[in-house]
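Just below is one structure, and these are the notes that go with it.
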Protein chains: 2
Amino acid sequence: MPTATSDDDRDPDLVAVNEGVDVAGELTRPGGLDRERILRGAVDFIDAHGLAALTMRRLGASLGVEAMALYRYVPGREDLLDGVVDMVVETLFVKDDGDDLYIEEHHGWQDYLMRLGHGIRRIALAHPSVFPLVASRPPAAPWVRPPLRSLRLVESFLGTLTEGGFSDQAAVAAYRAYSSFLLGHLLLEVTQLGAQVSLLDQPEGDPEAQRKTDLSVFPNLLRTEQLLSLDKSAAEFEDALENLLDRLERVLHEAQTSDGEVADLA
Amino acid sequence: MPTATSDDDRDPDLVAVNEGVDVAGELTRPGGLDRERILRGAVDFIDAHGLAALTMRRLGASLGVEAMALYRYVPGREDLLDGVVDMVVETLFVKDDGDDLYIEEHHGWQDYLMRLGHGIRRIALAHPSVFPLVASRPPAAPWVRPPLRSLRLVESFLGTLTEGGFSDQAAVAAYRAYSSFLLGHLLLEVTQLGAQVSLLDQPEGDPEAQRKTDLSVFPNLLRTEQLLSLDKSAAEFEDALENLLDRLERVLHEAQTSDGEVADLA
DNA sequence: ACCTGAACACCGTTCAAGT
DNA sequence: ACCTGAACACCGTTCAAGT
């Protein structure tokens, strides 16, 4: 146990979360609180224990401090959750070593939309318990559409499509269509991830028999149960993304040749 | 005030919610609690005060009862929320007078998917504060995909498409594509509804100036701000639904003629 | 049979007090 | 300057007691 304080009467389960080694490879508590350290701690906590378990008091404990100390750096719980969302989304703009999804090194708008989609998906799968927060927190502005929750991101989206030949209307319509595609797919994907583990958590007295009997009233469900249980999320994501790109391309070319009204593509 | 109890020292704001006349046109408290009455009260409460405001104690008060009384009919808060979701979704199957969206009187699978989409959208817009719950509550089974959260609904979905000529694989793939389309669109639509009202709620010292200055760093945002603020949700929903139906139709016909593998449409 | 009062453990948040 | 102890109002939930 590195540099442990002498009066260590804290919950060992919570302390363990944070006195290990974090993602960046540094010790998590080399003295001194910090807004960023708190947000990072909150992300780690949610990843480890789920969103419902996050309280100010427990977060404080996991950082080796009383809950009250957090209020010096964070106005309150709501603001903290907003900060968590921001922090996780900003990950898009940091370039990992050998990152072939780095969003700012794109070649054309199609490549940009591919990188963006895969980038957000990577975030969702890396933090499945945080993603529902990204999906449903009330946005700062009415036109900030989850999961694309960053002015910088929306700006680069619109800029890239405009450079690619989209009119302002078409770029905005594309932004809308793209964000709802991403939100639907990724939220369902992380929801299903959560459902898988919660099933393993409750091994109660033969739940199989009970569930099967219920299904007997639903012949189509019963017949396709195997198919329904297959997880094809990755392939479906690729297909839907590709389909969306095709659709956008079609709109773009129609606009360039016939100059018809194209705002209503979404 | 009809049939008021004599010792009326309750919060008048909460009482007002429930001693009025409810959707069905009946007095809300003609004696006696009931699981269904509680769930209905919870829906009304969330519609009126938002999800965050719903506590067992306040819900009890709105029903003219102490919180503890609820536990005779509802195992706990989590189960209550599940019940709320079920109740709201079941609305699909009740036929209102002159209801042209009634899902069981469909003509062919395209008509069915239109009725279903518009029906769920009507629910989302009628209960925008409840819909995030419909979207993100952990499903009962891994293959229950929000917002289509009802065995009965999934059964009728698969049955209708199968009757329409879809193979089991194609029907399941259609179910997946359709649910993620619905979830993305409707969750974004109700989120934006929430964002609109929350902006009106906080008329602080000239927030305009501050926000505009932030935007000046984002030229594309600044230029398209008007376009971004337009609400075209209804038209976008129709377009996306139509596009999805076209896609499914294409898959169906390809399968009927060439007999190629079609499972990966989603 | 149905509801309530009192109680328990836990929340978010404030603030004077400690170091 | 930074953290804590004590306190407040509020939670979900249990259970013996009332009617």
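Chain A is the first sequence line, chain B the second, and so forth, proteins listed ahead of strands; every chain is numbered from 1.
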Report all side-chain donor-acceptor pairs from residues 128-139 of chain A shorter than 3.5 Å, counting only partners two or more places apart or in another chain.
{"residue": "A:S136", "atom": "OG", "partner": "A:P132", "partner atom": "O", "Å": "2.7"}
{"residue": "A:R137", "atom": "NH1", "partner": "A:E78", "partner atom": "O", "Å": "3.3"}
{"residue": "A:R137", "atom": "NH1", "partner": "A:D82", "partner atom": "OD1", "Å": "3.0"}
{"residue": "A:R137", "atom": "NH2", "partner": "A:E78", "partner atom": "OE1", "Å": "2.8"}

Give the nucleotide from the list [options] with an atom nearest to the side chain of [X].
X: A:L33; options: D:dT13, D:dC3, C:dT13; result: D:dC3
X: A:M56; options: C:dC3, D:dT13, C:dG12; result: C:dG12
X: A:A69; options: C:dT4, D:dG12, D:dC3; result: D:dC3

Gap between atoms [atom1] and [atom2], on [X] and [N] respectively (whole Å):
X: B:L70; N: C:dT4; atom1: CG; atom2: C1'; result: 12 Å
X: A:Y71; N: C:dA16; atom1: OH; atom2: P; result: 17 Å
X: A:R35; N: D:dC3; atom1: CZ; atom2: P; result: 16 Å
X: B:D34; N: C:dC2; atom1: CG; atom2: C1'; result: 13 Å
X: B:R77; N: D:dT14; atom1: CZ; atom2: P; result: 15 Å
X: B:E78; N: D:dC11; atom1: CD; atom2: P; result: 16 Å

Starting at the 5' end of DNA chain C and moving along, which residue's nearest nucleotide shows up first, A:L54 or A:R72?
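The residue whose closest nucleotide sits nearer the 5' end is A:L54.
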
So, the side chain of B:R77 versus the backbone of B:T55: is there a donor-acceptor pair under 3.5 Å, distance only?
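It does not hold such a pair.
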
Donor-acceptor under 3.5 Å (A:R37 side chain, A:G32 main chain):
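Yes; at least one donor-acceptor contact below 3.5 Å.
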
So for atom CD, which belongs to A:E104, do other residues, nucleotides or ligands contribute more than 12 heavy atoms lying within a distance under 6.0 Å?
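Correct, the count exceeds 12.
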
Which is it for A:V144 and A:L148 under the side-chain contact (heavy atoms from CB on, under 4.5 Å) test, yes or no, and what are the steps along the way?
CA-CA 7 Å; A:V144 170; A:L148 270 29; over 6 Å; no

Using Watson-Crick or G-U wobble pairs with both distances under 3.5 Å, give me DNA chain D in dot-bracket, 5' to 3', with [ ] for crossers and | for pairs to another strand.
||.|||||...|||||.||

Roughly how far, to the nearest 0.5 Å, is OG1 of B:T191 from CG of B:L186?
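B:L186 CG to B:T191 OG1: 10.5 Å, rounded to 0.5 Å.
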
Distance check, rounded to the nearest 0.5 Å: B:E189 atom CD versus B:L193 atom CG?
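Those atoms lie 6.5 Å apart.
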
Honestly, is B:R152 close enough over B:F93, meaning NZ or CZ under 6.0 Å from the six-membered ring centre and within 45° of the axis?
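Positive - B:R152 is close enough to the ring of B:F93 and near enough to its axis.
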
Axial cation check for B:F237 ring with B:R121, 6.0 Å and 45° limits
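Checked: cation-pi criterion met.
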
Side-chain N,O (A:Y73) to OP1/OP2 (D:dA1) below 4.0 Å
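For A:Y73, the contact criterion (side-chain N or O under 4.0 Å from OP1 or OP2 of D:dA1) is not met.
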
Distances under 3.5 Å only, N/O to N/O: pair up the protein atoms with those of nucleotides 5-10 of chain D.
none

